[in-house]
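Read the structure below first, then the notes.
Model, not experiment: these values are computed from the prediction.
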Amino acid sequence: MGEPAARTPGTLGPGSLDGVLGIDSGGSGLRVAVARADDPEARPLASRACDEPVPTGPAGIDAQYLLSQLLPLAEELRRESGVHGFAAACVGAAGMASLGQDLRARLPGTLATAFGVRRLALAADAVTAYAGALGQRPGAVVAAGTGMIALGTDLTTEGGWRRADGWGHLLGDCGGGAWIGRAGLEAAMRAYDGRPGGSAALLARTEAVFGPVQELPGVLYPRPDRPAVLASFAPEVARCAAEDDAVARGILHTAAGHIADAAAAVCPPGDQAAVACTGGLFGLGEPLLAPLRRALAERLPRARPAAAAGSPLDGTLAIAAALAADRLTLPVEGRLLQITRPAPG
């Protein structure tokens, strides 16, 4: 995609910057949305998606590639929604904390020049998941799909953000989709070997999905997308659990405990903290949700369960709108959430 011609800096008056821009970049692609800057609920006026994930390179997340996708989409949305420019924007990206150096260097000036963006938030995807789920309330949010991370805050400067897990499928992400899928496949291999802890039901599902299990290492180990492949088996574990397979039920019970442990590690004390879960993993339904409700009640008896109000993309709009109106109360801390006031580049 080509980049739209940049506007001349300074041609947009203060009253014309009437929109905010939200960008969510993750493993499933890029999502972009626009809301009015004066809408306290930051309801999206229009949105677009690109299914290709933004790649990483020696400098981290590839800012040039992201901009080549983002700028035409944002211009299209600006025209469709009728806004003249963007007073603020928020970019939420998987890997922003550790791989966002190229984005931090290039996005502020480019967005200021192209759309008049005066305030820019650069956020880890866990922060935008938090904002989408709970807004600017104290509490804890577990975001789980292929991986799993928990983030919490009491909204004080001293408390800041508290993070648990999110360390990837080799070091953590306990209870996430890859963790559940790997545990299910291990139980299948145990059944194949005749070792204790095996599940004939999971063995049958493994062979139906992947073919003969003795060939599974050769199928799985060379894959660069191994976490996603492992996570693709999580629905099979849930299906076997729903059909009353004891091993599959045990896997989901243990996963629920890991998720609740992470939530408890980051949840601020007191009766006002809300706890929400967001992400595709929770689409597994009651085989996971029932033990998770019990585990959360045991570990966080004083917290208030809350339904996630929106998605990480909704969270980017909420942060951008709060930034535009000078009402952002989420902790601005380290590389989890940074605020810049860009000048046109």
Audit row: M148, L281, side chain to side chain contact (heavy atoms under 4.5 Å, CB included) steps and yes/no: CA-CA 9 Å; M148 193 282 296; L281 183 72; 5.7 Å; no
Short side-chain to backbone donor-acceptor contact, R48 and C50, under 3.5 Å: no
Side chain to side chain contact (heavy atoms under 4.5 Å, CB included) assessment of R182 paired with V229: CA-CA 9 Å; R182 191 212 58 80; V229 177; over 6 Å; no
Joint cluster assignment, L134 & V275, ILVMFWY side-chain distance < 4.5 Å: no
Any donor-acceptor N/O pair, D245 side chain to A248 backbone, under 3.5 Å: yes
Spacing of CG belonging to L330 relative to CD belonging to Q136, to within rounding of 0.5 Å: 4.5 Å
Side chains of T316 and D24, donor plus acceptor under 3.5 Å: no
Contact summary for G198 and V247, nearest pair of heavy atoms: O-CG2, 3.4 Å
Backbone of L202 reached by a side-chain donor or acceptor of E207 within 3.5 Å: no
Note, V20 side chain near I319 side chain (heavy atom, < 4.5 Å): no
Inter-residue atom distance R226.CZ - T146.OG1, 0.5 Å rounding: 13.5 Å
Contact check, side chains of M189 and V213, non-hydrogen atoms, under 4.5 Å: yes
R163 side chain vs G166 backbone, donor-acceptor pair below 3.5 Å: yes
Note, V266 side chain near V141 side chain (heavy atom, < 4.5 Å): no
Distance in Å, L185 CG paired with L216 CG, rounded so as to fall on 0.5 Å steps: 6.0 Å
Ring centroid separation W179 to H258 under 6.0 Å: yes
Donor-acceptor under 3.5 Å (S81 side chain, L45 main chain): no
SB check E298 R294 (cutoff 4.0 Å): no
CZ (R79) with more than 12 external heavy atoms under 6.0 Å: no
Donor-acceptor under 3.5 Å (D165 side chain, I149 main chain): no
R335 CZ: over 12 foreign heavy atoms closer than 6.0 Å: no
Joint hydrophobic cluster, F86 plus V91, side-chain heavy atoms closer than 4.5 Å: yes
Considering all heavy atoms, the nearest A33-P44 contact: CB-CB, 4.5 Å
4.5 Å side-chain heavy-atom contact, E75 and P72: no
Common cluster, V332/V117, ILVMFWY with side-chain heavy-atom separation under 4.5 Å: no
Euclidean distance, L230 CG relative to D173 CG, rounded to 0.5 Å: 11.0 Å
Check: R205 and F233 side chains under 4.5 Å, non-hydrogen atoms: yes
Residue pair L107 / A63: nearest heavy atoms and the distance that separates them: CD1-CB, 4.2 Å
Connected via hydrophobic side-chain network under 4.5 Å: L21 and L103: yes
Check: W161 side chain, L336 main-chain N or O, donor-acceptor pair, under 3.5 Å: no
Contact summary for A178 and A231, nearest pair of heavy atoms: N-CB, 3.6 Å
Residues T128 and D125: side-chain donor-acceptor under 3.5 angstrom: no
Residues R162, E333: salt bridge by 4.0 Å N-O rule: no
I23 side chain reached by C90 side chain, heavy atoms, under 4.5 Å: no
Electrostatic pair E243:R239 at N-O distance under 4.0 angstrom: no
Nearest-0.5 Å distance that lies between atom CG in L289 and atom CG in L284: 8.0 Å
Heavy-atom donor-acceptor pair, Y130 side chain to G139 backbone, under 3.5 Å: yes
Smallest separation among heavy atoms of R190 and P196, with atom names: NH1-O, 2.9 Å
Main-chain N/O of E41 paired with D39 side-chain donor or acceptor, under 3.5 Å: yes
Joint hydrophobic cluster, V83 plus L120, side-chain heavy atoms closer than 4.5 Å: yes
Shortest non-hydrogen separation from A303 to C267 and the atoms involved: CB-SG, 4.3 Å
Any side-chain heavy-atom pair of F210 and E215 under 4.5 Å: no
Verdict with reasoning, V142 to T278, per side chain to side chain contact (heavy atoms under 4.5 Å, CB included): CA-CA 6 Å; V142 175; T278 184; over 6 Å; no
Separation between CG of L71 and OG1 of T110, rounded to the nearest 0.5 Å: 7.0 Å
Residue pair D326, R119: steps toward the salt bridge (charged side-chain N to carboxylate O under 4.0 Å, His left out) verdict: CA-CA 10 Å; D326 282 321; R119 299 179 183 183; 2.4 Å; yes
Check against side chain to side chain contact (heavy atoms under 4.5 Å, CB included), D18 and R36: CA-CA 6 Å; D18 52 4; R36 289 200 59 83; 3.7 Å; yes
Beyond-backbone contact of D261 with R299, side-chain heavy atoms, under 4.5 angstrom: yes
